[in-house]
Amino acid sequence: MAKWIVAIDGPAAAGKGTLARRMAAHLDLPYLDTGLLYRAVGRRVLNAGDSPADKAAAERAAQTLRPEDMERTDLRVPEVDAAASTVADVSGVRAALLDFQRRFGTELGAVLDGRDIGTVIFPNADLKLFVTASPGERARRRWLELKGRGLNADLAEVERDIRARDARDIARAASPLIAAPDAIEIDTTHLDADSAFARALQAAATRFNLANSDQVN
Ligand code: CDP
């Protein structure tokens, strides 16, 4: 397989991770969940007793990030959702994480998901997907996911948090969330995971001239 770069961007809980993981397996490419980098920075700031709004503390945490920080099992909890979203607004944090993301994709190609992959990290990506869904549907999915992991969550609160993170992602000056002009949009509001994957495969097949594009596995 070629060293393709596949950029998958979109708002919180739109199903990017599931889609990106399946695309990576199908195309035999490494996968990087870039949200985990921001989550790991947020976690480090919280654990150091600092405020995620403290820009200097956030920058320090990003500059000294270690691989094991991404292996933690407490990165996908609401407290870290908010901290990651806040530190992601700091341009020094984004700058500190940029090289790692570029290097990850350079040797073997990669599927990366995040907010600014197709616009800032890999503006020349071979394939760009922008995955969205309505805020209500995204909240419902995240709520189900939290419940499935045994975490107690209130649906209205989950939707409020998602809307707040969307607003911060869209409004920030440093690498705001926006679809690249050449991204293919997949709205998954009324699509299940298999149908979203089939759409993405179709886009990849067209772009990369792949055979058997309709095979979902
Ligand atoms: O899984 P979910 O969609 O809830 O979030 P995530 O992808 O794990 O990202 C966590 C936070 O990091 C988001 O709220 C974004 O603010 C930020 N982020 C970012 O700014 N840029 C990226 N490339 C990835 C995540």
Side-chain angles (χ1 to χ4, degrees), residues 3-21 23-24 29-45 52-53 55 58-59 61-63 65 69-70 75-76 80-107 109-133 135 138 142 161-188 196 200 203-204 207:
K3 298 179 190 174
W4 289 310
I5 295 287
V6 179
I8 303 185
D9 290 305
K16 302 182 299 291
T18 308
L19 185 64
R21 214 167 274 117
M23 288 292 281
L29 292 170
Y31 164 56
L32 181 65
D33 170 357
T34 66
L36 268 192
L37 299 170
Y38 295 89
R39 288 177 178 277
V41 173
R43 180 84 262 173
R44 291 198 81 192
V45 171
K55 292 191 161 90
E59 245 180 85
Q63 281 159 358
L65 201 66
D69 292 320
M70 260 98 80
L75 298 179
R76 295 198 173 281
V80 177
D81 288 353
S85 167
T86 303
V87 301
D89 196 4
V90 180
S91 56
V93 167
R94 306 200 74 86
L97 301 179
L98 186 108
D99 271 358
F100 175 82
Q101 295 175 76
R102 288 205 177 136
R103 262 185 284 119
F104 184 91
T106 304
E107 200 187 333
V111 176
L112 301 96
D113 81 62
R115 304 292 187 284
D116 60 344
I117 310 302
T119 50
V120 173
I121 308 296
F122 285 109
N124 297 321
D126 301 290
L127 174 66
K128 299 180 187 178
L129 302 176
F130 194 79
V131 182
T132 62
R138 290 187 280 126
R142 181 51 49 90
D161 288 352
I162 279 184
R163 285 181 184 273
R165 288 203 286 140
D166 284 357
R168 269 202 293 269
D169 280 338
I170 291 166
R172 69 170 170 244
S175 308
L177 170 66
I178 185 172
D182 52 346
I184 296 161
E185 185 169 324
I186 301 179
D187 184 334
T188 70
R207 193 83 183 81

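Below, each value reflects all heavy atoms present in this structure, side chains not excepted, and no hydrogens, waters or symmetry copies.
- Formation of a donor-acceptor pair under 3.5 Å by the Thr132 side chain with backbone atoms of Thr188 is not found in this model.
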From CA spacing to verdict: side chain to side chain contact (heavy atoms under 4.5 Å, CB included), Ile184, Leu127: CA-CA 8 Å; Ile184 296 161; Leu127 174 66; 4.1 Å; yes

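- Although no hydrogens or angles enter the test, the distance criterion places a donor-acceptor pair under 3.5 Å between the side chain of Arg172 and the main chain of Ser175.
- The closest side-chain heavy-atom distance from Leu177 to Phe130 is below 4.5 Å.
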Expected list for residues 85-95: side-chain donor-acceptor pairs under 3.5 angstrom, two or more places apart:
residue	atom	partner	partner atom	Å
Ser85	OG	Arg168	NE	2.8
Ser85	OG	Arg168	NH2	3.1
Thr86	OG1	Ala82	O	2.9
Arg94	NH1	Ala88	O	2.8
Arg94	NH2	Tyr38	OH	3.2
Arg94	NH2	Asp116	OD2	3.0

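- Side-chain atoms of Arg102 come within 3.5 Å of backbone atoms of Ile121 as a donor-acceptor pair (strictly under, hydrogens ignored).
- Proximity of a side-chain donor or acceptor of Arg39 to a complementary backbone N or O of Val80 within less than 3.5 Å is not detected.
- Annotation: side chain of Leu29 is in contact with side chain of Val6 (closest heavy-atom distance under 4.5 Å).
- A donor-acceptor pair is defined here as one N or O able to donate and one able to accept, closer than 3.5 Å; no such pair exists between the side chain of Lys16 and the backbone of Asp113.
- Annotation for Ala58 and Pro52: closest pair CB-O, 4.4 Å, computed over non-hydrogen atoms.
- For Asp126 (side chain) and Ile5 (main-chain N/O), a donor-acceptor pair under 3.5 Å exists by modelled atom type.
- Closest non-hydrogen pair, Thr119 versus Ile178, comes out as CG2-O, 3.6 Å.
- With sequence neighbours excluded, the residues satisfying side-chain contact (heavy atoms from CB on, under 4.5 Å) with Ala200 are Leu19, Met23, Leu129, Ile186.
- Within 6.0 Å of CG in Leu65 there are more than 12 heavy atoms belonging to other residues, nucleotides or ligands.
- Shown here for Gly17 and Tyr31, the closest heavy-atom pair between the two residues is CA-OH, 3.7 Å.
- If you take CZ on Phe100 and OG1 on Thr34, they are separated by 10.5 Å, rounding to the nearest 0.5 Å.
- The backbone N or O of Ala133 lies less than 3.5 Å from a partner atom in the side chain of Arg138, making a donor-acceptor pair.
- Here the CG-CZ distance, from Leu75 to Arg43, works out to 7.5 Å after rounding to the nearest 0.5 Å.
- Taking every heavy atom of both residues into account, Pro176 and Ala173 meet most closely at CD-O, 3.7 Å.
- At a threshold of 4.5 Å between non-hydrogen side-chain atoms, the residues Gln101 and Ile117 count as touching.
- Contact between Ala62 and Ala96 at its shortest, heavy atoms only, is CB-CB, 3.9 Å.
- Rounding to the nearest 0.5 Å gives a distance of 4.5 Å between CG of Asp69 and CZ of Arg44.
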